[in-house]
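Some notes on the structure that comes next.
The model shown is predicted, which means the values in this text are computed figures rather than measured ones. If you read the sequence from its start, that first residue is 1, and numbering goes on from there. Atoms within a ligand are numbered from 1 in the order they appear, just like the ligands themselves.
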Amino acid sequence: MYKIIIDSCGELTEELKADGTIDTIISNYIGDEAGEHPYETPEGTEYPNGKLTMATNAQFESYEYYDGDNVVGIDADIAAAVADKLGMELKIEDMAFDSIVPAVQSGKADIGAAGMTVTEDRATQVDFSDSYYTGVQVIIVTDDSDITGPDDLKGKKIGVQQGTTGHIYCSDTPKNGGFGEDHVTAYPNGASAIQALQTGKVDAVVIDNEPAKAFVAENPGLKILDTEYVTEDYAIAVKKGNTELLDQINETLAKLK
Ligand code: ARG
């Protein structure tokens, strides 16, 4: 199976990690203290430096999802913390997951924050920050399924979200740990893959563990298998060679130290 560890560049998240901000943000969404540590903009923060645009796909609890009209979640909070440090106003753009890297590449967005896995291929298109969380690709099946682990997925119909690592890995050849693209159906978002599972169009859904937990909690009759399919690192994407943003960030970080 896959284990992806790639050295990433940029110091976008270093200071936030060092001062515990990121741990606090994550604890507001995952674990026993969820809801108890909302991120708060430091008092007196001003925004003279324009907008910081974050590209995301906001159907991915607990990283980004809608609370009413607002996109909230771990990535939204981390981006807010970065924007606050830069004196920039955060603007969140919700789009298809596979539009995020192109948006960052073209400069339509300054950063991509979407529970995005660092992969070798993506790292040729964008630069990644340090990793801020480990994600796991898990398998969701119906309660009565005879599928008990990745090996049982051979020859089955698998639902995934378009352009995600779950999609990429599952579509790969069996030799590379995948199941072959003929066995994989890609949906525009996790929710529609889950719907396909419930209506019997697919036998299993492969998706990241945090949204998986949310989907299973919201949809009775589904379960997450214990066996992990792939472990990976999440990071924030910036335009390749955008040293201006990185320098600005690094300067801000240096000032704060
Ligand atoms: N971690 C997976 C990937 O990078 C899935 C991310 C999906 N994120 C989202 N916001 N829908 O491909």
Side-chain angles (χ1 to χ4, degrees), residues 1-6 8 13 25-26 29-30 53-67 70-80 90 92-105 109 111-140 158-172 177-178 181 184-196 204-215 218 224 228-238:
M1 293 301 151
Y2 298 79
K3 169 88 185 150
I4 296 187
I5 306 229
I6 293 172
S8 42
T13 52
I25 286 173
I26 289 172
Y29 292 95
I30 297 177
T53 306
M54 157 180 159
T56 196
N57 171 249
Q59 298 209 344
F60 200 72
E61 225 176 311
S62 311
Y63 290 89
E64 43 271 331
Y65 57 101
Y66 280 93
D67 179 14
N70 295 324
V71 175
V72 298
I74 293 169
D75 288 326
D77 280 6
I78 290 177
L90 179 65
I92 298 181
E93 299 247 15
D94 186 14
M95 59 186 74
F97 181 74
D98 55 5
S99 300
I100 298 172
V101 166
V104 172
Q105 264 185 310
I111 64 171
M116 190 184 288
T117 304
V118 180
T119 70
E120 236 166 299
D121 185 46
R122 289 175 186 161
T124 65
Q125 304 167 54
V126 289
D127 284 343
F128 280 107
S129 72
D130 289 336
S131 175
Y132 59 92
Y133 208 71
T134 302
V136 182
Q137 295 296 315
V138 296
I139 302 162
I140 306 178
I158 306 163
V160 295
Q161 179 181 9
Q162 174 74 34
T164 60
T165 45
H167 185 191
I168 297 163
Y169 306 150
C170 288
S171 314
D172 211 336
E181 54 185 339
V184 178
T185 309
Y187 295 89
N189 52 57
S192 35
I194 292 294
Q195 216 174 2
V205 168
V206 171
I207 197 160
D208 304 52
N209 53 337
E210 283 307 321
K213 281 188 224 159
F215 285 131
E218 286 156 17
I224 300 173
E228 299 174 348
Y229 177 45
V230 185
T231 305
E232 45 194 21
D233 291 323
Y234 292 167
I236 294 172
V238 303

Per-atom contacts, ligand 1 versus [X] - under 4.0 Å to a heavy atom:
X: Tyr234; result: 1 (N)
X: Gln161; result: 11 (N)
X: Glu232; result: 1 (N)
X: Arg122; result: 3 (C), 4 (O), 12 (O)
X: Asp208; result: 1 (N), 2 (C), 5 (C)

Requested in this report: Answer yes if the side chains of Asp75 and Tyr234 hold a donor-acceptor pair under 3.5 Å, and no otherwise.
Outcome: no
Requested in this report: Verify whether one side chain among Asp94 and Tyr66 offers a donor that lies under 3.5 Å from an acceptor in the other.
Outcome: yes
Looking only at protein heavy atoms, which one is nearest to [atom], and what is the separation?
atom: atom 7 (C) of ligand 1; result: Phe60 CE1, 3.3 Å
atom: atom 8 (N) of ligand 1; result: Ala114 O, 2.8 Å
atom: atom 11 (N) of ligand 1; result: Asn57 OD1, 2.8 Å

**Report entry** Residues which pass salt bridge (Lys or Arg N to Asp or Glu O under 4.0 Å) with Glu61, listed by chain and number, not counting sequence neighbours
**Finding:** none
Query - Option among Ile158, Thr185, Val205, Thr165 that satisfies the side-chain contact (heavy atoms from CB on, under 4.5 Å) test with Cys170 - result: Ile158
Query raised in the report: Judging by distance only, is a nitrogen or oxygen of Thr117 under 3.5 angstrom from one on ligand 1?
Result: yes
Query raised in the report: Quick one: are Gln137 and Thr164 in side-chain contact, heavy atoms under 4.5 Å?
Result: no
Answer with yes or no whether [X] contacts ligand 1, where contact means a heavy atom under 4.0 Å from a ligand atom.
X: Gly115; answer: yes
X: Tyr63; answer: no
X: Glu64; answer: yes

Query raised in the report: Has Glu181 got more than 12 heavy atoms of other residues, nucleotides or ligands less than 6.0 Å from its CD?
Result: no
Query raised in the report: Minimum heavy-atom separation for Leu90 to Ala76, with atom names?
Result: CD2-O, 3.7 Å
Report task. Taking side chain to side chain donor-acceptor pair (under 3.5 Å) as the test, write out the residues that go with Gln161, two or more places apart. Result -> Asn57
